[in-house]
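Below: one structure, written as structure tokens.
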Amino acid sequence: MKIKQLIVIGALVALQGRLLAQSENVLVVHADAGKDTISRFIYGQFAEHLGHGIYGGLWVGEKSAIPNTRGIRTDVLDALRKIKVPAIRWPGGCFADEYHWRDGIGPRASRPRMVNSNWGGVTEDNSFGTHEFMDLCEQLGSEPVICGNIGSGSVKEMADWVQYMTSAGENPMSALRRSNGRNAPWTVRFWCVGNETFGCGGIMDAAHYANEFARYSFFLKDFDGNRLYKISSGGLPEDYAWTETIMKKWRETDGWLQGFLSGYSLHYYTVDDWNHKGSATAFEERDWFTSLSRTLKMEELIQRHSAIMDTYDAGKRIGLIVDEWGNWFDVEPGTNPGFLFQQNTLRDAVVAAVNLNLFHKYCSRVKLTSIAQMVNVLQAMILTRDKEMLLTPTYYVYKMYTVHQDAVMLPVDLQSGTCTNGGKTIPALSASASRDKNGKVHLSIANLDPAHAQSVRCTLAGAKTTAVTGEVIAGPAMNAHNEFGKPEAVTIAPFNGATIENGVITLTLPAHAVVTLEVR
Ligand code: AHR
């Protein structure tokens, strides 16, 4: 889109905001009280062997007519570089517990095929394996988050994978890696010891898994300066007893089993009724309220899991790792139900912003997250159709929010009005703020009201404010989205609607929109 067009959109959006503003909200940013850093790993992504998440979406192979860099789509790589993907979780998900990593190394033509029984029963030819994934990470400057197979694997299989990837020494696995063309080991920090082990990862109970986790962890070694950050599977989102069991095991063993546990996983999807998830694009205001109310539950989950973790780990050594989250809707009509391919609207943008604002707020405990998923699956950044590619409203939130990566979180007090529909009441706004390494303060605010603009007065306690600029993600309707072959309906536009008077910033956010301000 041309700059002129963007400026016109920005001006229209600001005007729409002023005309429709319903109520005033008050935001105080404690610019002098920042102490915790928003880890960039909060902006991680999840890429599972599921539908076209890998094949077609990322991997097309070197001989493809689609432009690629060593088999990986160049258009997708270019787009992902712009959102600074810090970490990618792979190969699943449920897929991880049927994945045997040795099937995905060596000459591609001789790799065994398998059936992806979790996701559509399609043939998996293993052409995207360890080396291809690590090449993706290297091309994007991302760290890998490997999810090991406990469900159908073995301790030896997982320990060998660690050795294959990270050992520089003389041993069978590094020799195998060298024979496959990679001399130097990779650095691999983040390692999930199983996925959803209460369900598709092995149907275990917490006590059984805690023992399995300890056994596996013990044999996953740190080679040659590589330090593994071992992540335990969590239970169902509200299974607080599971958290208690793992933390208790940690207390019992950490004295002699150093590094047994570094992170604890929480998975939570924005779904109200798993049997009626609803359309990603054809929805009404009451569905909007349902999605936003379900999203806001993330705060309670973080608080309650953190409270248990705090009783064992007051120093916050162990990270809460929200390594699967996001909207889960019905698949697009006519697509394979096992492929989880869904469109993405301004509702997704606001849901992403609300979650990210919460992760900022609790960044002293939340150390890494991965939205599900990166390309073509669930709440994706990018959708592809053969050689076409589009960027979703969620992508634009991630792009706009890059300013918060590794910045110091500034606590906010938000007195927000509310909005109500169908018996559900939600706050009108969600906000977070940070100060980056150059001293710039960034303030992100989402308008959760699907129908009305919202005014807000902001002050920065402990800082002088002399100038403000901004960007906005907005659109004509709450279900605005980008479509293949059409001009973008949702993108980032300049936001000129914020003014400063006597140190108070005043702005009006359009309905169903997300704004980020830079304050100097
Ligand atoms: O993201 C899709 C699936 O959701 C993952 O494979 C699984 O871990 C979760 O239940």
Side-chain angles (χ1 to χ4, degrees), residues 44-55 57-58 87-100 114-122 124 128 133 145-153 190-204 209 213 231-239 242 263-275 277 280 294-295 298 301 320-332 335-344 348 351-352 355 368-383 392 394:
Q45 304 274 333
F46 178 28
E48 181 168 14
H49 287 238
L50 193 177
H52 293 298
I54 301 289
Y55 299 109
L58 284 163
I88 308 172
R89 182 171 185 257
W90 175 84
C94 294
F95 179 79
D97 281 284
E98 287 191 340
Y99 184 65
H100 300 284
M114 66 181 279
V115 172
N116 188 336
S117 67
N118 282 291
W119 306 118
V122 292
E124 160 68 56
F128 189 87
F133 172 66
V145 181
I146 301 290
C147 192
N149 175 350
I150 279 198
S152 69
F190 302 111
W191 199 282
C192 303
V193 185
N195 168 72
E196 296 193 357
T197 49
F198 59 86
C200 65
I203 321 181
M204 301 175 206
Y209 173 66
F213 179 75
I231 301 167
S232 145
S233 158
L236 283 162
E238 290 172 275
D239 191 344
W242 188 291
Y264 178 79
S265 157
L266 166 65
H267 289 184
Y268 175 63
Y269 285 97
T270 297
V271 179
D272 190 50
D273 176 350
W274 285 95
N275 296 316
K277 295 190 283 295
R294 295 298 297 172
T295 297
M298 180 66 91
L301 294 170
L320 184 60
I321 307 298
V322 191
D323 50 1
E324 288 189 29
W325 64 271
N327 275 324
W328 190 321
F329 297 121
D330 291 340
V331 298
E332 288 305 301
T335 64
N336 187 328
F339 281 13
L340 310 186
F341 178 79
Q342 67 191 41
Q343 251 293 0
N344 197 293
D348 294 87
V351 164
N355 278 298
L368 181 149
T369 92
S370 29
I371 186 170
Q373 299 194 6
M374 191 155 75
V375 186
N376 287 332
V377 177
L378 298 175
Q379 189 175 344
M381 304 292 121
I382 292 173
L383 302 179
T392 66
T394 302

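Numbering of ligands and ligand atoms starts at 1, following listing order.
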For a 4.5 angstrom cut-off between non-hydrogen side-chain atoms, does Trp119 reach Leu340? yes
Side chains of Cys147 and Phe95 in contact at under 4.5 Å (non-hydrogen atoms): no
For atom 1 (O) of ligand 1, grab the closest protein heavy atom and report residue, atom and distance to one decimal in Å. Tyr269 OH, 2.7 Å
Should the pair Phe133 and Trp90 be assigned to parallel (<30°), tilted (30 to 60°) or perpendicular (>60°) ring geometry? parallel
Can you list the atoms of ligand 1 that are under 4.0 Å from a heavy atom of [X]?
X: Glu48; answer: 1 (O), 2 (C), 5 (C), 6 (O)
X: Phe46; answer: 1 (O)
X: Asn195; answer: 8 (O)

Cys94, any N or O under 3.5 Å of ligand 1 N or O: yes
Is the shortest N/O to N/O distance between Glu196 and ligand 1 below 3.5 Å?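 Indeed, backbone or side chain, Glu196 has an N or O that close.
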For atom 9 (C) of ligand 1, which candidate among His267, Gln373, Gln379, Glu324 provides the closest heavy atom? Glu324
Below a 4.0 angstrom heavy-atom separation, can you tell me which part of Trp328, side chain or backbone, both or neither, approaches ligand 1?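 For Trp328, only side-chain atoms sit under 4.0 Å from ligand 1.
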Checking contacts here: is it the side chain or the backbone of Val377 that comes within 4.0 Å of ligand 1, counting heavy atoms only? Could be both or neither.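 For Val377, there is no contact with ligand 1 at all, from either part.
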For Glu196 and Ser233, the nearest pair of non-hydrogen atoms, with its separation, is N-OG, 3.6 Å
Please confirm whether the backbone N or O of Cys94 pairs with a side-chain atom of Glu48, one donor and one acceptor, at under 3.5 Å?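 Side chain of Glu48 to backbone of Cys94: a pair is present.
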Given Glu324, Lys277, Gln379, the one that forms side-chain hydrogen bond (donor to acceptor under 3.5 Å, both in side chains) with Tyr269: Glu324
Have Asp348 and Thr394 got a donor and an acceptor in their side chains that come within less than 3.5 Å? no
